[in-house]
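Have a look at the structure below before the remarks.
Since the model is a prediction, treat every value here as computed from it, not as a measurement.
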Amino acid sequence: MLKKSVILAAAVLSSTQALAAYELNLSTAQSSQDPMVKAMENAAERIEERSDGEVTLNVFSSSQLGADNDMIEQIRNGANIAVLTDAGRLSEFQPELGILAAPYLVESHEDYDRITSSEPYHEWVELLAENTGMRLMNYNWFQGTRQMFTQKPIEGPEDLDGVRIRTINSPGWIKTIEGMGATPVPLPWSEIYSAIQLGTIDGAEAQLTGAHGLRLQEVTSNVTLTNHIHLMTGLLVSERWYQELPDELRSMLDEELKKAGDEATQMTVDAQADVRKEMEEAGVEFAEVDTELFSSQMQAVYDDMGWTELREQLEPVLSAGE
């Protein structure tokens with residue numbers, strides 16, 4: 001039996017294909033109030049106007065079309081879907097890209113500007129397109145820095161022993177949470193709230209704006225500022241769909257989606273203080289910790305994932321901005 005998400009995605013595609021010359025359905029797990037979604041909607045309006053209706057973008061928030069991994073499979077099969085995803089999920093298809101979601105790789109989300117302008121990054125993106133038929137577009141959608149949301153205070157890795165933490169279903173993410181001392185539990189983003197309520201998991205690692213949209217402040221009482229991953233994401237689209245666009249429309253799409261990523265990033269950065277204040281007013285305790293306690297345990301993750309040499313390869317790129 002086909003998954004409901006696959007059936008829904010197919011229904012959406014079949015019902016929209018005739019509406020415009022080129023139609024793209026943007027999918028994200030984030031809520032409708034998240035900066036990512038707002039920026040997507042702004043881009044959709046600009047793109048439709050600039051293309052005189054030749055290109056139409058439909059925005060689906062809260063995993064309405066299905067979980068991200070399901071969307072990736074649809075994209076591999078040529079569907080006119082774009083999913084907002086981190087590169088860690090793509091390491092299964094192009095291992096080098098996994099380094100972009102490595103723990104404590106960068107000191108700031110702004111460091112990704114240099115990475116995505118580098119020759120190694122462009123080579124990995126082109127290899128992904130050639131080998132899988134999937135195009136990773138502008139990788140400049142910053143969703144926030146990942147923190148630990150738990151029921152009990154966390155001061156160091158020893159406090160995470162036996163604590164079941166939801167994370168992304170990707171080897172790099174799973175090993176990162178293991179390395180931090182917790183028990184990783186891969187679950188779809190939309191299931192986190194109920195899983196904590198039911199006691200299936202003890203907490204989650206997430207960025208502030210995303211967690212706020214999911215109302216994690218209602219089911220957790222502590223946020224530990226581990227800053228373990230600066231969650232940068234990009235839009236993944238079918239290479240076949242992308243290459244079918246006329247050159248001028250492809251350039252326009254690239255330009256507007258890059259602009260949207262920059263907008264989403266700025267909105268995310270601007271929202272941090274307000275989100276934290278609102279969570280604190282709801283009774284959530286925020287704790288600063290020595291991140292070195294966690295980052296010092298990450299070498300095993302880099303070795304296991306084959307990221308050590310890739311980090312060395314990116315080092316000149318990252319140090320260029322110092």
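Note on L26: it does not cluster hydrophobically with M267, by side-chain heavy-atom contacts below 4.5 Å among ILVMFWY residues. In this structure, M232 is a member of the same hydrophobic cluster as L318, with clusters built from ILVMFWY side-chain heavy atoms closer than 4.5 Å. In the hydrophobic cluster analysis, where Ile, Leu, Val, Met, Phe, Trp and Tyr join through side-chain heavy atoms closer than 4.5 angstrom, F149 is grouped apart from V163. The hydrophobic clustering, which links ILVMFWY residues whose side-chain heavy atoms are closer than 4.5 Å, places M40 and L24 together. In this structure, I75 is a member of the same hydrophobic cluster as F93, with clusters built from ILVMFWY side-chain heavy atoms closer than 4.5 Å.
Using a 3.5 Å distance cut-off with no hydrogens or angles, the side chains of Q30 and Q143 do pair a donor with an acceptor. No side-chain donor from either of N138 and D254 sits under 3.5 Å from a side-chain acceptor of the other. D303 and T308 share a side-chain donor-acceptor pair at under 3.5 Å. Looking at Q151 and N222, their side chains never bring a donor and an acceptor atom within 3.5 Å of each other.
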Verdict with reasoning, V125 to L128, per side-chain contact (heavy atoms from CB on, under 4.5 Å):
CA-CA 5 Å; V125 168; L128 178 72; 5.7 Å; no
For a side-chain contact (heavy atoms from CB on, under 4.5 Å) check, start with the C-alpha distance between K38 and Q33, then their side-chain angles and the critical distance, and finish with the verdict.
CA-CA 7 Å; K38 293 179 180 180; Q33 298 305 308; 3.9 Å; yes
What verdict does the side-chain contact (heavy atoms from CB on, under 4.5 Å) test give for I177 and M148, after you've listed the backbone C-alpha separation in whole Å, the side-chain angles of each residue and the deciding distance to 0.1 Å?
CA-CA 10 Å; I177 302 310; M148 284 288 178; 4.0 Å; yes
Set out, in order, the CA-CA distance, both residues' side-chain angles and the distance that settles side-chain contact (heavy atoms from CB on, under 4.5 Å) for I168 and R146, then state yes or no.
CA-CA 12 Å; I168 292 173; R146 301 290 271 209; 4.0 Å; yes
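Listed for the S194 side chain is a donor-acceptor partner under 3.5 Å among the backbone atoms of E191. No side-chain donor-acceptor contact under 3.5 Å links S51 to the backbone of L249. For the pair Q272 (side chain) and T268 (backbone), a donor-acceptor distance under 3.5 Å is present. Side-chain atoms of S319 come within 3.5 Å of backbone atoms of P316 as a donor-acceptor pair (strictly under, hydrogens ignored). Judged purely by atom type and a 3.5 angstrom limit, D111 uses its side chain to pair as donor or acceptor with the backbone of S108. Side chain of W241 to backbone of E23: a donor-acceptor contact under 3.5 angstrom is found. Without hydrogens or angle criteria, N140 side chain to K258 main chain gives a donor-acceptor distance under 3.5 Å. Side chain of S117 to backbone of R114: no donor-acceptor contact under 3.5 angstrom is found.
Listed by chain and number, the residues in a side chain to side chain donor-acceptor pair (under 3.5 Å) with E288 amount to none (sequence neighbours excluded). With sequence neighbours left out, the salt bridge (Lys or Arg N to Asp or Glu O under 4.0 Å) criterion links E255 to R50.
Atoms CG and CZ, on D262 and F142 in that order, are 13.0 Å from each other to the nearest 0.5 Å. Rounding to the nearest 0.5 angstrom, the gap separating the CD atom in E73 from the CE atom in M71 is 10.5 Å. Distance CZ/R215 to OG/S31: 10.0 Å, rounded to 0.5 Å. Note: E263 CD to K259 NZ = 6.0 Å, rounded to the nearest 0.5 Å. Distance check, rounded to the nearest 0.5 Å: CG of L231 to CG of L100 gives 11.5 Å. Taking OH of Y139 as the reference point, atom CG of L236 lies at 11.0 Å (rounded to 0.5 Å).
You'll find the side chain of L216 stays beyond 4.5 Å of the side chain of V223, heavy atoms only. Contact check for Y121 versus L136: side-chain heavy atoms found under the 4.5 Å cut-off. Using a 4.5 Å heavy-atom threshold, the side chains of L253 and L57 count as touching. Looking only at side-chain heavy atoms (C-beta outward), Q147 and N227 come within less than 4.5 Å of each other. You'll find the side chain of F294 reaches within 4.5 Å of the side chain of L160, heavy atoms only. Two residues are said to be in side-chain contact when any heavy atoms from C-beta on lie closer than 4.5 Å; I115 and L105 meet this criterion. E96 places none of its side-chain heavy atoms less than 4.5 Å from the side chain of Q313. For the pair T226 and Y104, the minimum side-chain heavy-atom distance is below 4.5 Å.
Crowding of E285 atom CD: a count of heavy atoms from other residues, nucleotides or ligands under 6.0 Å not exceeding 12. Within a 6.0 Å sphere centred on CD of E155, heavy atoms belonging to other residues, nucleotides or ligands number 12 at most. Heavy atoms of other residues, nucleotides or ligands lying less than 6.0 angstrom from CD of E49 number 12 at most.
The minimum heavy-atom distance between W124 and I99, with the atom names listed, is CZ3-CG2, 3.8 Å. Across G78 and R240, no two heavy atoms sit closer than the pair CA-NH2, 3.3 Å. Minimum heavy-atom separation, T209 to P35: CB-CD, 4.4 Å. When all heavy atoms of L214 and W189 are compared, the closest pair comes out as CD2-O, 3.4 Å. Closest approach of T145 and H230 over heavy atoms only: OG1-ND1, 3.0 Å. The minimum heavy-atom distance between W141 and A260, with the atom names listed, is CH2-CB, 3.6 Å.
The aromatic rings of Y302 and W307 sit perpendicular to each other, their planes meeting at more than 60°, with 30° as the lower class boundary.
Note on D86 versus R89: salt bridge recorded, some NZ/NE/NH1/NH2 to OD/OE distance being below 4.0 Å. One finds a salt bridge joining R276 and E280 here, because a Lys/Arg side-chain nitrogen approaches an Asp/Glu carboxylate oxygen to under 4.0 Å. Of the charged side-chain nitrogens involved, at least one lies within less than 4.0 Å of a carboxylate oxygen, so that D247 and R250 count as a salt-bridged pair. Ion pair R76/E239 not flagged as a salt bridge, since none of the NZ, NE, NH1 or NH2 atoms sits closer than 4.0 Å to an Asp/Glu carboxylate oxygen.
Test I201, V185, T150 against I165 for side-chain contact (heavy atoms from CB on, under 4.5 Å) and you get one pass: T150.
Residues in residues 158-169 take part in these side-chain hydrogen bond (donor to acceptor under 3.5 Å, both in side chains) pairs, two or more places apart or across chains: R164-D202, T167-E205.
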